[in-house]
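Just follow the structure's listing: the first ligand is 1, and inside any ligand the first atom is 1.
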Amino acid sequence: MPWILAVLALSATAAEPTRIDATSLATAAKLRDLALTGSEAHAIVESLTTEVGPRMAGSPNDARAVAWAENKFRELKFDRVYTEPVSFPRWVRRHESAEILTPFPQRLVVTALGASVGTGGKPLEGDVAEYSNLEALKSARAEDVRGKIVYIGNRMQRARDGSGYSPAQAARKEGAAVAARLGAKALLIRSIGTDSDRFPHTGLGVDPDAAKKDPALLAKLPRTRSGIPIVATAIPAAALSNVDADLLQHMLERSKPVRLRLNLDCGFEGEYTSANVIGEITGSERPDEVVVIGGHLDSWDLGTGAVDDGAGVAIALAAAHLLKQNGVQPRRTLRVIAYANEEQGLWGGKAYAAAHAAEVTRHILAAESDFGAERIYRIDSKVGAQALGAIDQMQQVLAPLGIERGDNADAEGPDIRAMGELGVPMVALRQDGTRYFDLHHTANDTLDKIEAKALDQNVAAYVVLAYLAAQADGDFARAPNN
Ligand SMILES: [Zn+2]
């Protein structure tokens, strides 16, 4: 490049390195050790799962969860507690069942995918057309699919970092759209989960952003009364538990056709306005600069949402509460957000980013806990080059928790993704996800799966991260690709 541009590029990146002072590092180490002796986190998630329980967005329990969160922030003596509205189309689940009619009649354990349309008030019957994964379905011939119930059988692979999820869940998010284009009458998938039991895994059955990126499709979508596009599946879509998927496959190996009956009573019903619930510890020196941590308040309806994401909400609340309990006031404001409706399209995170776009540069750092309740093993970041030394300083305080330094590339969580797209720097405290997808989006996501000690390790890591970000001299810069 011409020399003058090279000089400009250099000067743009040559900011003063961000540093954290020794007193703040020592205070963070003390807070870390206090968290390990027992935090509020387990009591918080016990309270949420007992007093509210399942809290699917738009359900009557959505409002009870918002009230619970406001009360909890106040009970824990946050300096400021408030809500911000989040509106979305309301999806409801009423009834779901499936059975094999021939060759060997048996009932199947099934659950509708989120955003699925129903079967029209009566059961639907059809022969099964089996595909090993979404790619195989994409290359199927319409004549083999037309009028059939498409079944996609891919099984999610177990991994500590959850890397098996994304390739497997393509069948859930895109399967109905692809099957409908080929003329199928319904979609069934093997649950996107790593367990072998009879709990089906629900989850969103559409990709709302794909629909919104296609202007022709977007123009055709029905809308709620305030004009929000409704993205429903094109055909009824449901997931079989992993063992019911095994059963179906054993029949398909023996004889074809296998004929199924599917009955789903679910669908969109008007619009709902929930809320992001926000609690703050006010900063002493720079109150208008904020460090954001949080998790999502909503859950699916099948379990009590202990692991997804009661744990994340509890970890963030308990970490901030530790500062209050110990009379530690951070220099910058610590903002804890319990996001609305993450599960059905990241509505809370998007609403927050839209509402705060004008003050986005005052967001110093954002992190989110939404990967269960097991221990954290790594810190990843997505920050400017001048802040890498400060992240290393944080990691040194995190090291006794068994947390290693990761890379500076991807550090998103679902609800902070929209903030990240506006350039807010991010840190991810990576949790062990080996067992997370045994429970994810099932009736088996309950409090007994959470170990209090593991939750305390998370709180210890979050209090170190949040406090040191609030104390840092210098900022974490715009994310590298913004
Ligand atoms: Zn979640």
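With sequence neighbours left out, Tyr272 forms a ring-ring contact (aromatic ring centres under 6.0 Å, His included) with Phe88. For Glu70, the side-chain hydrogen bond (donor to acceptor under 3.5 Å, both in side chains) test picks out no residue, with sequence neighbours left out. In this structure Phe73 satisfies the ring-ring contact (aromatic ring centres under 6.0 Å, His included) test together with Phe78, sequence neighbours excluded.
Using the six-membered ring where Trp is involved, Tyr352 and His356 have ring planes that are parallel, under 30° apart on the 30 and 60° scheme.
For the Zn ion (ligand 1), the tally of protein N/O/S atoms lying closer than 2.8 Å stands at 4.
A ring-centre distance under 6.0 Å is not found for Tyr131 and Tyr151.
Between Lys382 and Asp410 no salt bridge is recorded (no basic side-chain N to carboxylate O distance below 4.0 Å).
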